Q: 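Before I ask anything, let me first share the structure, which is written out below as structure tokens.
Here is how names work: the chains are called A, B, and so on, in the same order as the sequence lines, proteins then strands, and each is numbered from 1. Small disclaimer: the values here were computed from a predicted structure and weren't measured.
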There are 2 protein chains.
Amino acid sequence: MRTSEGVEWALHACLNLAWVEDGHPVPAAALAGHFQLPPAYLNKQLQALVRSGIVSSTSGPRGGFQLARKPQDITVLDVVVAIEGSEEAFRCAEILRDAPDGEMGIDYRNTCVISQVMRKAELAWWKELAGRTLAEVKATVESRFPAVPGQTRHGLLNRRA
Amino acid sequence: MRTSEGVEWALHACLNLAWVEDGHPVPAAALAGHFQLPPAYLNKQLQALVRSGIVSSTSGPRGGFQLARKPQDITVLDVVVAIEGSEEAFRCAEILRDAPDGEMGIDYRNTCVISQVMRKAELAWWKELAGRTLAEVKATVESRFPAVPGQTRHGLLNRRA
DNA sequence: GCTGACTTACTCGGATATCAGTTGTCCGAGTACCACAGG
DNA sequence: CCTGTGGTACTCGGACAACTGATATCCGAGTAAGTCAGC
């Protein structure tokens, strides 16, 4: 089990977009250049964020991506789900149905104790991620590394040229 | 992100082995037949459990697999790690190092706030799984479905014939 | 009838194909800006 | 000098390949039981 590489990219991209003043879209190429990432593939990940309503996109010159919501209204889970999808990691195949005495009408995803344990664990994971907003992450970084926001904003805008 | 199918199989297999009296190994083919699973592939998953010291194997006639430890000494996490490996799901690629002002000597897996958030979430997941032993799962099933243990043991031993 | 070795069948274990999903790339659709011509 | 129009360059968006890892299968190594011959 491993999360997609795009999760890390998307989180860093959102954080960077949070440091750019409103009304200034940042092209995918600028973000990609900032982290030395393949532009087209990062663009693909950003599209997923657009579909989830986390960022908005603008085409054409001076276009790009910007946050669609306030950082305090974006949780880390939102970003993860946008990239990975909302399906749970452990998907009960209901193998108990094929076992002796297995019945057709039973939903073993809810009945099977093993499935319940796995789901509860995943719920704890979700809860942890849903409890952290982008604004909190942003504030933590600003507190520990005060220079980063300015450097990032400057870097992204200069890279446009 | 999704867990391997083998995780579900391994958990059910361990639970079933817990219902068979000691000293009676169960062949992979018997477990596979019980759940209508491909025998060779289930065997492969069981090998991973052997390497992790969760079950022990015996070759030859009357051979098979049996639990190597007491159910109360086997956590759900043990089984998951045996199949999936101990690497964390979110693997920080340290993309901050390639960003401007990124430095070579820094371990961004520990410094990056995003990495910390993801790791903390995963820790919650681990903790949940580590807190459930096979004995607890077994007891829960026995409490809700008293007939299952006997049926399972009988089914596995009969299938041997 | 008992004991020993041999044969046989059974089971695990790892090496080998196959398939799906992630990773990565490319080109087309749309849009805003800019230049230029006309008034 | 102002305005409208056409061209141009830039950006996103989705369609298309490549590759890694999971899924599935097969055959060989090892072992214990069963069998048979000899004592």
Q: For the pair made of CD in A:Gln45 and P in D:dC12, what is the distance, rounded to whole Å?
A: 14 Å
Q: Specify the separation, in whole Å, of atom CG of A:Leu46 and atom P of C:dT25.
A: 16 Å
Q: May I ask you to verify if any side-chain N or O of B:Arg62 is less than 4.0 angstrom from the OP1 or OP2 atom of D:dT31?
A: no
Q: Tell me the interatomic distance from A:Tyr41, atom OH, to D:dA17, atom P, rounded to whole angstroms.
A: 18 Å
Q: Does atom CG (B:Asp22) have a neighbourhood of more than 12 heavy atoms from anything else shown, all under 6.0 Å?
A: no
Q: Closest heavy-atom contact between A:Glu122 and A:Phe90?
A: OE1-N, 3.3 Å
Q: Just the rounded figure in Å: distance from P of C:dG21 to NZ of A:Lys44.
A: 14 Å
Q: Any side-chain N or O of B:Arg51 under 4.0 Å from OP1/OP2 of C:dG14?
A: yes
Q: Which listed nucleotide (D:dC12, D:dG13, D:dT23) is nearest to the side chain of A:Ala28?
A: D:dC12
Q: Please tell me which of A:Gly60 and A:Arg2 maps to the more 5' nucleotide of DNA chain D, matching each residue to the nucleotide holding its nearest heavy atom.
A: A:Gly60
Q: If I take atom CG in residue A:Asn43 and atom P in nucleotide C:dC27, what distance separates them, rounded to the nearest angstrom?
A: 15 Å
Q: B:Trp19 and B:Glu142: side-chain donor and acceptor closer than 3.5 Å?
A: yes
Q: Give a yes/no answer on whether the side chain of A:Ser59 brings an N or O atom under 4.0 Å of OP1 or OP2 in C:dA29.
A: no
Q: CD of A:Glu87 versus C1' of C:dG21: gap in Å, rounded?
A: 12 Å
Q: Can you tell me if B:Gln47 touches the phosphate of C:dG14, counting only side-chain N or O atoms and a distance under 4.0 Å to OP1 or OP2?
A: yes
Q: Hey, is B:Arg2 close enough to A:Glu87 for a salt bridge, meaning N to O under 4.0 Å?
A: no
Q: For the pair made of CD in B:Glu5 and C1' in D:dG21, what is the distance, rounded to whole Å?
A: 15 Å
